[in-house]
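Worth knowing before you read on, the calculation uses all heavy atoms, side chains too, and leaves out hydrogens, waters and symmetry mates.
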Amino acid sequence: MLLHVVKDYEAMSREAARLVADRLRSKPSLVLGLATGSTPLGVYRELIRMHIEEGLDFSKVTTFNLDEYVGLPPQHEQSYHHFMDEAFFRHVNVDRRYVHIPDGMASDIEGFCDWYEEEIRRHGGIDVQILGIGANGHIAFNEPGSSLGSRTRIKTLTERTIRDNARFFNSAEEVPRYAITMGIGTVMDARELVLLATGVEKAEAVRAAVEGPITAMVPASILQMHRRAYVIVDEAAASRLSCQYVRELTGLPTTEPRLRR
Ligand code: GLP
């Protein structure tokens, strides 16, 4: 795990976008794992800027999104299909034929999940997977207690996640109770992981993921076992980390990941 503490949200977004752009330039047919939530929005904005101003080319990229709510059609404003369109896809030259997002309306959910896994394999696996983190330590929709070896499947959302995500809906009652999500094992198979966290609300989750024991109760803690997991967090999200040297290093220019954990 490479922990990288940067000053603020903008710096976090730039750093992650730079990493993705770098990998994309060396492999135009990159297989990119994408995440939703408010955290990666700045990364998408920066990648869009690079596309417009620097000609960053997404035409050969294949994408796989982490998750989708069960029961929301793609046109629903809170579906992750809609989110990805608005936040990213419609602003860059991604070929829609190469876009994959779990189908929350699938009638055979289990069959769909198996197909999704197979499709990732067929494309040679995910090169770079972007991840956010839930306040309870979840990644994608792998809630605490998820098996660390799990594959794409349906999961029940916890009350905490429903409450956290209710801000995007009119009320908590409207938040779907189930989601299709890549499993923790699926995420761990990606060649590189980029986990992002911003703000003090994520500080405890980041501490548990980075310094705590590896446990299914903090799904993100499994990233400690990944050889190329970059954890890029701002100072607020790093504020509960106990290592003194993390704080000493913040504020320095941020070109290289700084801490090998
Ligand atoms: C949802 C998503 C996760 C995301 C999390 C945090 O639960 N399924 O992939 O990491 O929210 O969202 P935010 O970045 O808005 O805090």
Side-chain angles (χ1 to χ4, degrees), residues 1-3 16 31-37 39-40 62-70 80 100-104 106 109-162 164-165 176-197 202 204-233 237 261:
M1 177 184 276
L2 291 158
L3 174 66
V31 180
L32 187 55
L34 298 173
T36 52
T39 309
T62 297
T63 68
F64 284 94
N65 261 81
L66 287 169
D67 46 14
E68 176 60 287
Y69 290 113
V70 168
Y80 286 168
H100 302 79
I101 303 178
D103 178 5
I109 290 184
E110 212 172 304
F112 176 82
C113 293
D114 291 346
W115 174 83
Y116 205 69
E117 286 281 328
E118 185 49 42
E119 198 64 2
I120 294 173
R121 260 193 304 275
R122 206 173 63 76
H123 283 86
I126 294 171
D127 291 307
V128 184
Q129 175 68 58
I130 296 174
L131 294 168
I133 183 169
N136 62 5
H138 75 237
I139 47 174
F141 269 130
N142 294 285
E143 297 282 28
S146 294
S147 159
L148 297 178
S150 51
R151 312 304 305 187
T152 303
R153 68 215 184 292
I154 185 168
K155 284 293 290 176
T156 309
L157 308 189
T158 61
E159 281 307 317
R160 173 79 193 263
T161 298
I162 290 170
D164 286 350
N165 291 358
R177 267 38 188 171
Y178 303 97
I180 294 176
T181 179
M182 278 187 206
I184 299 178
T186 321
V187 169
M188 287 293 284
D189 282 350
R191 290 180 193 92
E192 292 186 294
L193 302 177
V194 182
L195 184 135
L196 307 170
K202 299 292 173 70
E204 183 48 34
V206 167
R207 189 203 58 73
V210 173
E211 294 183 349
I214 296 170
T215 164
M217 296 315 287
V218 182
S221 63
I222 192 65
L223 265 65
Q224 294 175 34
M225 297 296 288
H226 198 285
R227 291 174 66 105
R228 295 178 77 86
Y230 304 94
V231 177
I232 309 176
V233 301
R261 299 267 312 153

- OG1 of T186 to CZ of R151, rounded to nearest 0.5 Å, is 4.0 Å
- Distance-only, no hydrogens or angles: does the S150 side chain make a donor-acceptor pair with backbone N or O of I184 under 3.5 Å? yes
- Query: Nearest 0.5 Å, what's the CG-OH distance between L3 and Y230?
  - Reply: 13.0 Å
- Message: How close do H226 and A190 get, counting heavy atoms only, and between which atoms?
- Response: NE2-O, 2.7 Å
- Query: Taking the inter-plane angle between the rings of H123 and H100 on a 0 to 90° scale, is it parallel (under 30°), tilted (30 to 60°) or perpendicular (over 60°)?
  - Reply: perpendicular
- Any donor-acceptor pair under 3.5 Å linking the side chain of E143 with the backbone of L157? no
- Item | Under 3.5 Å donor-acceptor, N142 side chain and M182 backbone | yes
- Could I get the full list of side-chain hydrogen bond (donor to acceptor under 3.5 Å, both in side chains) partners for E204, not counting sequence neighbours? R207
- Short side-chain to backbone donor-acceptor contact, Q224 and G212, under 3.5 Å: yes
- Item | For E118, side-chain hydrogen bond (donor to acceptor under 3.5 Å, both in side chains) partners two or more places apart | R121
- V31 backbone acceptor or donor facing D127 side chain under 3.5 Å: yes
- With a 4.5 Å limit on heavy-atom distance, are the side chains of H138 and T158 in contact? no
Tabulate below the donor-acceptor pairs under 3.5 Å that side-chain atoms of residues 216-223 make, not counting sequence neighbours, or state none.
from : atom 1 : to   : atom 2 : distance (Å)
S221 : OG     : T215 : N      : 3.0
S221 : OG     : T215 : O      : 3.2
S221 : OG     : V218 : O      : 2.6

- If you round to the nearest 0.5 Å, how far is CZ of F141 from OG1 of T161? 7.0 Å
